[in-house]
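Taking it in order: structure first as structure tokens, then the write-up.
Predicted, not measured: the structure shown is a model, and the values here were computed from it. To find a chain, count down the sequence lines: A is the first, B the second, and so on, and within it residues start at 1.
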Amino acid sequence: MKIATWNINGAKARLDGLVAWLKESNPDIACLQEIKSVDEAFPRSEIESLGYHVETHGQKGFNGVALLSKIRPDEVNRGLPGDELDEQARFIEGVFSVKDGVIRVCCLYLPNGNPVDSEKYPYKLSWMQRLATFAAQRLRLEEPLILAGDYNVIPEAHDCWDVKVWQNDALFLPETRAAFRRLRNLGFTDAVRATSDDVPLYSFWDYQAGCWPKNFGIRIDHLMMSPEAADKLLSTSIEKHVRSWEKPSDHVPVAGEFAFEPA
DNA sequence: ATGGTGGGGTACCCA
């Protein structure tokens, strides 16, 4: 079973690429971020016609997440718990039946946090605290759980092309990386690093200043796995070629192949 | 060189 995450940077603008990617990559579950669409305007029928169930948590103008799946979710939850006043659409969770039980997949779009001297950085850190609290609660279920999404976190120095450029950025500040490590220390494993050495690997290349042709990238899109999910991980892929497609997103899909069987 | 590009939606916000 293939589970993928992709920040598509606008569902309507990226529909052709999304359809092409679903046909080519054929994920069983796809977590999309930055759909930049309200639920009613999401291009649902085009995706359903490819055999996917579509669940969205949309918002006007920016943010918004979607969960596409070949198997119908048994349960769907929208919004990260812990702050009822937070109206930003950044989180959707689905529970799916598989052969030996269930898997739980959360699609998240973590706040960027820049500029760091604005209210946006404390919002990012509090969102990460809420995520850790939620994740710790979910771990007690002892289920295969995958927290997939655009974390807007560069975990380590080798996850960016030049530390000097990123050292004061909200994506790499010590407090940001410490909050990400807290997830790891709870028991979550980064799927890509579970299947690679500490070599530079990127999932995002800025549109500006020729970052893509120069390979000036960062790795900020992650699949974090509970122990029960990590036990089933077979392989991962960063689908880098998608960045060369026409009208690309600035992110590429990141996927994990898992030894879960359909129910 | 304080730039550069792109989506959303129609004046700026967000990344």
Side-chain angles (χ1 to χ4, degrees), chain A residues 5-21 30-44 46-47 56-66 79-80 86-92 107-128 131 148-155 159-162 164-173 175-177 179-180 202-222 240-254:
Chain A
T5 180
W6 189 19
N7 180 323
I8 56 171
N9 188 20
K12 283 162 277 182
R14 218 68 69 202
L15 181 57
D16 290 349
L18 176 58
V19 167
W21 173 70
C31 301
L32 305 180
Q33 301 87 38
E34 282 205 271
I35 63 172
K36 295 186 175 180
S37 162
V38 294
D39 296 331
E40 304 77 54
F42 188 79
R44 160 182 299 273
E46 292 88 339
I47 295 162
T56 59
H57 186 209
Q59 177 178 352
K60 183 180 163 71
F62 60 107
N63 297 331
V65 289
L80 179 65
D86 183 3
E87 293 183 339
Q88 298 195 32
R90 298 179 173 276
F91 187 92
I92 188 167
C107 171
L108 63 98
Y109 175 46
L110 213 145
N112 176 292
N114 284 303
V116 295
D117 59 354
S118 73
E119 75 290 346
K120 291 181 181 180
Y121 192 56
Y123 173 63
K124 175 178 193 152
L125 292 178
S126 75
W127 208 95
M128 294 183 83
L131 180 62
D150 176 0
Y151 280 71
N152 272 311
V153 174
I154 301 166
D159 294 313
C160 68
W161 61 277
D162 187 349
K164 286 188 226 68
V165 171
W166 291 95
Q167 59 187 351
N168 296 317
D169 193 280
L171 279 61
F172 192 71
L173 281 177
E175 283 178 276
T176 304
R177 295 162 61 213
F180 186 79
Y202 309 137
S203 65
F204 168 94
W205 295 260
D206 201 295
Y207 291 119
Q208 302 179 74
C211 284
W212 168 242
K214 289 187 280 199
N215 197 30
F216 288 176
I218 55 178
R219 193 176 70 91
I220 56 176
D221 300 275
H222 310 301
K240 189 176 173 178
H241 65 289
V242 172
R243 188 64 177 77
S244 291
W245 288 0
E246 226 177 292
K247 284 191 70 182
S249 170
D250 39 9
H251 297 249
V252 298
V254 178

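Cation-pi geometry between A:Arg177 and A:Phe172 is met: the NZ or CZ atom falls under 6.0 Å from the ring centre, inside 45° of the normal. A cation-pi arrangement is present between A:Arg90 and A:Tyr109, with the terminal nitrogen or guanidinium carbon under 6.0 Å from the aromatic centre and inside a 45° cone about the axis.
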- request: Go along nucleotides 6-15 of chain B 5' to 3' and tag each nucleotide: B for a protein heavy atom under 4.0 Å from its base, S when only backbone or sugar atoms are that close, - otherwise.
  value: BBSS----SS

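Between A:Asn114 and A:Asp169, the side chains place a donor N or O and an acceptor N or O closer than 3.5 Å (distance only, hydrogens not considered). A:Lys36 and A:Asn9 share a donor-acceptor pair across their side chains, judged by distance under 3.5 Å alone.
Between the C1' atoms of B:dA1 and B:dC12, the separation comes to 25 Å (whole Å). Across the C1' atoms, B:dG7 and B:dT2 are found 23 Å apart, a figure rounded to whole Å. Taking atom P in both B:dG3 and B:dG8, the straight-line distance is 25 Å, to the nearest Å. B:dG9 sits 25 Å from B:dG4 when the P atoms are compared, rounded to a whole Å.
Between A:His222 and A:Phe180, the two ring planes are tilted [angle within 30° to 60°].
Between the CZ atom of A:Phe216 and the C1' atom of B:dT5 there is a distance of 16 Å, rounded to whole Å.
Shown here, B:dA15 forms a base pair with B:dT5; the pair counts as Watson-Crick or G-U wobble because both key distances fall under 3.5 Å.
Counting non-hydrogen atoms of neighbouring residues, nucleotides and ligands closer than 6.0 angstrom, the CG atom of A:Asp16 reaches no more than 12 such neighbours.
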